[in-house]
K.L.:
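Structure in structure tokens, see below.
Atoms considered below: every heavy atom in the structure, side chains included; atoms not considered: hydrogens, waters and symmetry mates. Computed from a predicted model, the values in this text were never measured in an experiment. The first residue of the sequence shown is numbered 1, and numbering continues consecutively from there.
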Amino acid sequence: MRILKFIVQTQIITMDPGCDFSGIVSGTKGYLQAEFNVSKEWAGCRMAAVFRCLGKEYAQPVKNGRCEIPADALTWDRFSVRLVGQKENYRITTDEIIIQQERR
């Protein structure tokens, strides 16, 4: 298993500079996970990560700050991710970040 770490500050998502995002190869299944370190605005929110590839979106529930990256999002040379959170009458979302992959 490999974990890609992201930092979420209010509504901005960035790659964690301490995490190596090189050498990610398309076609992976059941191997890549995403981990989100979120700011206080996200406290108490149920969260989902939304991965996008080739115009299709794949939402994954985030449990304990992590989720598996769906195989369908890993089929091309890049995918994107954004985070959505919700509680009661409160909804927050991030911008989208693109992750490059090597084509297999």
K.L.:
Is I3 reachable from F21 through a run of I, L, V, M, F, W or Y residues, each pair having side-chain heavy atoms under 4.5 Å apart?
P.N.:
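As far as the 4.5 Å side-chain criterion goes, I3 and F21 are not connected within one cluster.
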K.L.:
Measure the spacing between NZ of K5 and CE of M15 and express it to the nearest 0.5 Å.
P.N.:
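Answer rounded to 0.5 Å: 15.0 Å.
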K.L.:
I would like to know whether R78 and I99 meet side-chain contact (heavy atoms from CB on, under 4.5 Å); could you show each step before the answer?
P.N.:
CA-CA 5 Å; R78 66 181 167 263; I99 310 302; over 6 Å; no
K.L.:
Give the minimum heavy-atom separation between C45 and I92, together with the two atoms involved.
P.N.:
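So the minimum-distance heavy-atom pair works out to SG-CG2, 4.3 Å.
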K.L.:
Can you get from L74 to Y31 by hopping between Ile, Leu, Val, Met, Phe, Trp and Tyr side chains that sit under 4.5 Å apart?
P.N.:
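Yes, it is one cluster - the side chains of L74 and Y31 are joined through contacts under 4.5 Å.
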K.L.:
Transitively linked via ILVMFWY side-chain contacts under 4.5 Å: I7 with L32?
P.N.:
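No, separate clusters.
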K.L.:
About how many Å separate CD1 of I24 and CD of Q100, when rounded to the nearest 0.5 Å?
P.N.:
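Atom-to-atom, Q100:CD and I24:CD1 are 9.5 Å apart.
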K.L.:
Work out which heavy atom in L83 is nearest to a heavy atom in W42; give both atom names and the distance.
P.N.:
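Taking L83 first and W42 second, the nearest heavy atoms are O-CH2, 3.5 Å.
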K.L.:
Of all heavy-atom pairs between S26 and W76, which one has the smallest distance, and what is that distance?
P.N.:
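Closest approach of S26 to W76, heavy atoms only: CB-O, 3.2 Å.
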K.L.:
Would the F6 and F36 ring centres measure less than 6.0 Å apart?
P.N.:
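Ring centroids of F6 and F36 are less than 6.0 Å from each other.
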K.L.:
Got a second to check how far Q86's CD is from N89's CG, nearest 0.5 Å?
P.N.:
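If I round to the nearest 0.5 Å, the distance is 9.0 Å.
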K.L.:
According to a 4.5 Å side-chain heavy-atom criterion applied to Ile, Leu, Val, Met, Phe, Trp and Tyr, with indirect links allowed, do V81 and L4 form part of one hydrophobic cluster?
P.N.:
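As far as the 4.5 Å side-chain criterion goes, L4 and V81 are connected within one cluster.
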K.L.:
Does a sphere of radius 6.0 Å around NZ in K87 hold more than 12 heavy atoms from other residues, nucleotides or ligands, not counting ones at 6.0 Å or beyond?
P.N.:
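For K87, atom NZ is crowded (more than 12 foreign heavy atoms under 6.0 Å).
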K.L.:
So how far is it from Q33 CD to Q60 CD, rounded to the nearest 0.5 Å?
P.N.:
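Result: 10.0 Å between the selected atoms.
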K.L.:
Under 4.5 Å between side-chain heavy atoms, hopping through other hydrophobics if needed: is there a path connecting V50 to V8?
P.N.:
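Not linked; separate clusters.
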K.L.:
We want to know whether E96 and S80 form a side-chain donor-acceptor pair, criterion being a heavy-atom distance below 3.5 angstrom.
P.N.:
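Yes, S80 and E96 have a side-chain donor paired with an acceptor closer than 3.5 Å.
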K.L.:
Where do N37 and D16 land on the side-chain contact (heavy atoms from CB on, under 4.5 Å) test, with the steps shown first?
P.N.:
CA-CA 9 Å; N37 181 0; D16 185 325; 5.8 Å; no
K.L.:
Nearest 0.5 Å, please: how far is SG in C19 from CZ in R2?
P.N.:
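R2 atom CZ to C19 atom SG measures 7.0 Å (nearest 0.5 Å).
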K.L.:
A71 and K29: which non-hydrogen atoms are nearest, and at how many Å?
P.N.:
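For A71 versus K29, the nearest heavy atoms are CB-CG, 3.7 Å.
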K.L.:
So T94 and I12, do their side chains get closer than 4.5 Å, heavy atoms only?
P.N.:
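No - every pair of side-chain heavy atoms lies 4.5 Å or more apart.
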K.L.:
Which pair of non-hydrogen atoms, one from E102 and one from G23, has the smallest distance, and what is that distance?
P.N.:
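Between these two residues, the closest heavy atoms are OE2-CA, 3.4 Å.
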K.L.:
Is there side-chain contact between M47 and V38, with at least one heavy-atom pair below 4.5 Å?
P.N.:
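M47 vs V38: side chains touch.
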K.L.:
Near R103 CZ, under 6.0 Å, is it more than 12 heavy atoms from other residues, nucleotides or ligands?
P.N.:
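Yes, the 6.0 Å shell around CZ holds more than 12 heavy atoms from other groups.
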K.L.:
Using every non-hydrogen atom in the two residues, find where T93 and V84 come nearest and quote the distance to one decimal.
P.N.:
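Closest pair (atom of T93, atom of V84, distance): OG1-CG2, 3.6 Å.
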K.L.:
Using 0.5 Å steps for rounding, measure from the CD1 atom of I98 to the CZ atom of F79.
P.N.:
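Taking CD1 in I98 and CZ in F79, the distance rounds to 11.0 Å.
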K.L.:
Taking only Lys NZ, Arg NE, NH1 and NH2, and the carboxylate oxygens of Asp or Glu, determine whether E57 and R82 approach each other closer than 4.0 Å.
P.N.:
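Yes, E57 and R82 are salt-bridged.
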K.L.:
Okay, side chain of Y90, backbone of E41: is any donor-acceptor separation there less than 3.5 Å?
P.N.:
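Yes, Y90 side chain to E41 backbone: donor-acceptor pair under 3.5 Å.
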